[in-house]
Colleague: 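Quick one: the structure is below, and I'll ask about it shortly.
Below, all heavy atoms of this structure are taken into account, side chains as well, without hydrogens, waters or symmetry copies.
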Amino acid sequence: MRTLCIFLLLLLPGWARAAEPLLWLKAQWVPVFVEQETGFGDAALDWLKQRLPDYRHDTRFLPLPRLERLLTDQPQACTASLARNPAREARFLFSRDFLRLPGLAVVVREDSLKAVKAHGDAQAGIDMAALLSDAALDGVINENRSYGTVLDAVLQPAPPERLLRLPRASTMVAMLGADRVDWLLLYPFEANAQARLLKPPPLLHMLPIRGQRPVIASGIACARSAFGQRVVDQVNALIDAHPGAPWQAALDALLDDETKARMAGH
């Protein structure tokens, strides 16, 4: 009888066999990955998971440092929360580019557009040192966010009366709309998501920053294991089979025409 049971199990179709667990690690970043809600990154991963039926998909939200540690220790874990860089590519396996995000922008109201644009040009972007030297324009940033080595070095010495530092980014657009500041630093999708919650929503412009990448592209990162390599290979096949990147639709809905045009050139 035992031999017969084993034989019957071997005859079962693939969908009837136990699916392998695949742990998706996420770091909270509104509106990309949002715990107990659906950000555009969550929607993109849902698209992907529907096309990876051989796995039992589980999710865990973690702070970014813990996420990277677990991705090192858990051979059946993957994430879409890590931007690609040489150090991470040495530690993890990356698929080809999956999410393409617009780079950081100087966000301004319509009435401040001309004054802020005077500190840069359309090709190179805004010169942040020049903008910070303008006593007539006040800005706001998130004090808990790193903007990269180069930009942090410019922002750090700015006096508090010129540059307000907030512990959270979620109220920045409301402050801009209320004319309490003239510009802020956010990713365009963050600014547009915040603006949609305001009545009426302020008219915003997203200006590129000199020396910053206009597009941040990264793949699915998995643990360096045979399991991780298999997932990456399957993700690459799906990316190749869908050149129109339909999983980006939820992000596109949060982008303004200026940002879309800038991304199209890169």
Colleague: To the closest 0.5 Å, what do you measure between CG (D97) and CD1 (I239)?
Modeller: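 CD1 of I239 is found 7.5 Å from CG of D97.
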Colleague: Could you see if L71 belongs to whatever hydrophobic cluster contains L62? Use Ile, Leu, Val, Met, Phe, Trp, Tyr and a side-chain cutoff under 4.5 Å.
Modeller: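 Both belong to a single hydrophobic cluster.
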Colleague: Decide yes or no on side chain to side chain contact (heavy atoms under 4.5 Å, CB included) for M172 and L164, but give the supporting numbers first.
Modeller: CA-CA 10 Å; M172 285 186 179; L164 183 63; over 6 Å; no
Colleague: Could you tell me whether a side-chain N or O of Q76 sits under 3.5 Å from a main-chain N or O of L22, the two making a donor and an acceptor?
Modeller: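 Judged by distance alone, no pair lies under 3.5 Å.
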Colleague: Given the rule in the side chain to side chain contact (heavy atoms under 4.5 Å, CB included) test, do N142 and L166 qualify, once you have shown the distances and angles that lead to the verdict?
Modeller: CA-CA 5 Å; N142 182 348; L166 296 182; 5.8 Å; no
Colleague: Do the ring planes of W29 and F189 sit parallel (below 30°), tilted (30 to 60°) or perpendicular (above 60°)?
Modeller: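 The rings of W29 and F189 stand perpendicular, inter-plane angle above 60°.
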Colleague: Any salt bridge between R180 and D138, counting N to O under 4.0 Å?
Modeller: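 No, R180 and D138 are not salt-bridged.
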Colleague: Could you check whether any side-chain heavy atom of L184 comes within less than 4.5 Å of a side-chain heavy atom of M175, counting everything from C-beta outward?
Modeller: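 Not in contact.
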Colleague: Is there a path of hydrophobic side-chain contacts, each under 4.5 Å between heavy atoms, that joins I220 and L70?
Modeller: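 In one cluster with I220: L70, no.
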Colleague: Using atom types as modelled and distance alone, determine if a side-chain donor or acceptor of R91 lies under 3.5 Å from a backbone N or O of T72.
Modeller: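 No: the side chain of R91 does not pair with the backbone of T72.
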Colleague: If you round to the nearest 0.5 Å, how far is CD of E190 from CE of M206?
Modeller: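 So the CE of M206 and the CD of E190 are separated by 10.5 Å.
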Colleague: One thing to verify: whether E89 and R84 come together as a salt bridge, which I'm taking to mean a side-chain N less than 4.0 angstrom from a carboxylate O.
Modeller: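 Here R84 pairs with E89 in a salt bridge, since their nearest N and O are under 4.0 Å apart.
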Colleague: Report the C-alpha distance between Q234 and L52 in whole Å, list the side-chain angles of each, state the deciding distance to 0.1 Å, and finish with yes or no for side chain to side chain contact (heavy atoms under 4.5 Å, CB included).
Modeller: CA-CA 8 Å; Q234 290 172 319; L52 295 172; 3.8 Å; yes
Colleague: Identify whether V116 and L155 are in the same connected component of the hydrophobic contact network (ILVMFWY, side-chain heavy atoms under 4.5 Å).
Modeller: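 Cluster IDs for V116 and L155 match.
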Colleague: Should K117 and E110 count as an ion pair when the cut-off is N to O under 4.0 Å?
Modeller: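 No salt bridge links K117 with E110.
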Colleague: Going by disulfide bond (SG atoms under 2.5 Å apart), name the pairs with one or both residues in residues 181-235, residues two or more places apart or in two chains.
Modeller: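 As it turns out, the disulfide bond (SG atoms under 2.5 Å apart) pairs with a partner in residues 181-235, which skip direct neighbours, are C78-C222.
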Colleague: Salt bridge check: are R162 and D134 linked by an N-O gap of less than 4.0 Å?
Modeller: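 Salt bridge absent between R162 and D134.
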Colleague: Hey, does M128 have a side-chain heavy atom less than 4.5 Å from the side chain of L151?
Modeller: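 The answer is yes; the side chains approach within 4.5 Å.
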Colleague: Should the pair E35-R60 be classified as a salt bridge under the 4.0 Å nitrogen-to-oxygen rule?
Modeller: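 Here E35 does not pair with R60 in a salt bridge, since their nearest N and O are not under 4.0 Å apart.
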Colleague: Drop me the distance from W24's CH2 to D58's CG, to the nearest 0.5 angstrom.
Modeller: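 The distance works out to 11.5 Å.
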Colleague: Identify the heavy atoms of A158 and L132 that sit nearest to each other, and give their distance.
Modeller: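 It is CB-CD2, 4.0 Å.
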Colleague: Count I, L, V, M, F, W, Y as connected when their side-chain heavy atoms are under 4.5 Å apart, and connections chain through other members. Are L255 and V30 then in the same cluster?
Modeller: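 Unlinked, L255 and V30 end up in two clusters.
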Colleague: Evaluate the side-chain proximity of Y55 to V231: yes if any heavy-atom separation is below 4.5 Å, no if none is.
Modeller: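 Answer yes - side chains close enough.
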Colleague: Please assess H242 against W47 for the test ring-ring contact (aromatic ring centres under 6.0 Å, His included), listing each intermediate value before the final yes or no.
Modeller: CA-CA 12 Å; H242 296 84; W47 183 96; 4.9 Å; yes
Colleague: Measure the OG-CG distance between S81 and L45 for me, rounded to the nearest 0.5 Å.
Modeller: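 Between atom OG of S81 and atom CG of L45 there are 8.0 Å.
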Colleague: Would D121 and R210 satisfy side chain to side chain contact (heavy atoms under 4.5 Å, CB included), going step by step from the backbone distance to the final call?
Modeller: CA-CA 9 Å; D121 58 70; R210 188 169 299 178; 3.4 Å; yes
Colleague: Compare all side-chain heavy atoms of E68 with those of L82 and state whether any distance is below 4.5 angstrom.
Modeller: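 Yes, their side chains come closer than 4.5 Å.
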Colleague: Could you report the tightest heavy-atom contact between L204 and E258, atom names first, then the distance?
Modeller: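 Scanning both residues completely, I find the closest heavy atoms to be O-OE1, 4.3 Å.
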Colleague: With rounding to the nearest 0.5 Å, note down the distance linking CD1 in I141 to OH in Y147.
Modeller: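 Interatomic distance, I141 CD1 to Y147 OH, rounded to 0.5 Å: 5.0 Å.
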Colleague: May I ask you to check whether over 12 heavy atoms, not counting those of E161, lie within 6.0 Å of atom CD?
Modeller: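 Atom CD in E161 is crowded, with more than 12 foreign heavy atoms closer than 6.0 Å.
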Colleague: What is the minimum heavy-atom distance between D256 and P188, and which atoms define it?
Modeller: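 Smallest interatomic distance, heavy atoms only, reads OD1-CB, 4.2 Å.
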Colleague: Could you go step by step and tell me if D46 and Q50 meet the side-chain hydrogen bond (donor to acceptor under 3.5 Å, both in side chains) rule?
Modeller: CA-CA 6 Å; D46 286 344; Q50 290 169 14; over 6 Å; no
Colleague: Is D42 reaching over with its side chain to a backbone N or O of G39, donor-acceptor style, under 3.5 angstrom?
Modeller: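 Present.
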Colleague: Please give me the minimum heavy-atom distance between A43 and A250, naming the atom from each residue.
Modeller: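 Minimum heavy-atom contact is CB-CB, 4.0 Å.
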Colleague: Can you check whether R100 reaches L251 side chain to side chain, under 4.5 Å on heavy atoms?
Modeller: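 The answer is no, as the side chains (C-beta and beyond) never meet within the 4.5 Å cut-off.
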Colleague: If you compare all heavy atoms of P202 against all heavy atoms of V173, which two are closest, and at what distance to 0.1 Å?
Modeller: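 For P202 versus V173, the nearest heavy atoms are CG-CG1, 4.0 Å.
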Colleague: Taking W247 for its side chain and F98 for its backbone only, find out whether a donor-acceptor pair lies under 3.5 Å.
Modeller: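 Checking the backbone N and O of F98 against the side chain of W247, a donor-acceptor pair under 3.5 Å is found.
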Colleague: Using the rule that two of Ile, Leu, Val, Met, Phe, Trp, Tyr join whenever any of their side-chain heavy atoms come within less than 4.5 Å, decide whether F92 and V235 are in one cluster.
Modeller: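 Result: no, two separate clusters.
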Colleague: So how far is it from R262 CZ to L207 CG, rounded to the nearest 0.5 Å?
Modeller: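 Reported value, rounded in 0.5 Å steps: 7.0 Å.
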Colleague: Please report the closest heavy-atom contact between T259 and P102, naming both atoms and the distance.
Modeller: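 Result for this residue pair: CG2-CB, 3.4 Å.
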Colleague: Under the criterion side-chain hydrogen bond (donor to acceptor under 3.5 Å, both in side chains), I'd like the reasoning laid out for S112 against R109: C-alpha separation, chi angles, the key distance, then a yes or no.
Modeller: CA-CA 5 Å; S112 301; R109 296 184 311 274; 3.2 Å; yes
Colleague: Could you point out which residue of V32, V107, I216, L101 forms a side chain to side chain contact (heavy atoms under 4.5 Å, CB included) with Y187?
Modeller: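 Answer after filtering V32, V107, I216, L101: I216.
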Colleague: Contact between L25 and Q74 at the side-chain level, heavy atoms closer than 4.5 Å - yes or no?
Modeller: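 The answer is no; the side chains never approach within 4.5 Å.
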Colleague: Might you confirm whether atom CG of D73 has over 12 heavy atoms from other residues, nucleotides or ligands at distances under 6.0 Å?
Modeller: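 More than 12 within 6.0 Å, yes.
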Colleague: Would you say F94 and V232 make side-chain contact, with heavy atoms under 4.5 Å?
Modeller: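 No, side chains not in contact.
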Colleague: Would you say V140 and R165 make side-chain contact, with heavy atoms under 4.5 Å?
Modeller: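 Of all side-chain heavy-atom pairs linking R165 with V140, none is under 4.5 Å.
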Colleague: Between K26, R66, Q36, which is the residue that forms a side chain to side chain contact (heavy atoms under 4.5 Å, CB included) with F61?
Modeller: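 It is K26, the one option of K26, R66, Q36 that forms the side chain to side chain contact (heavy atoms under 4.5 Å, CB included) with F61.
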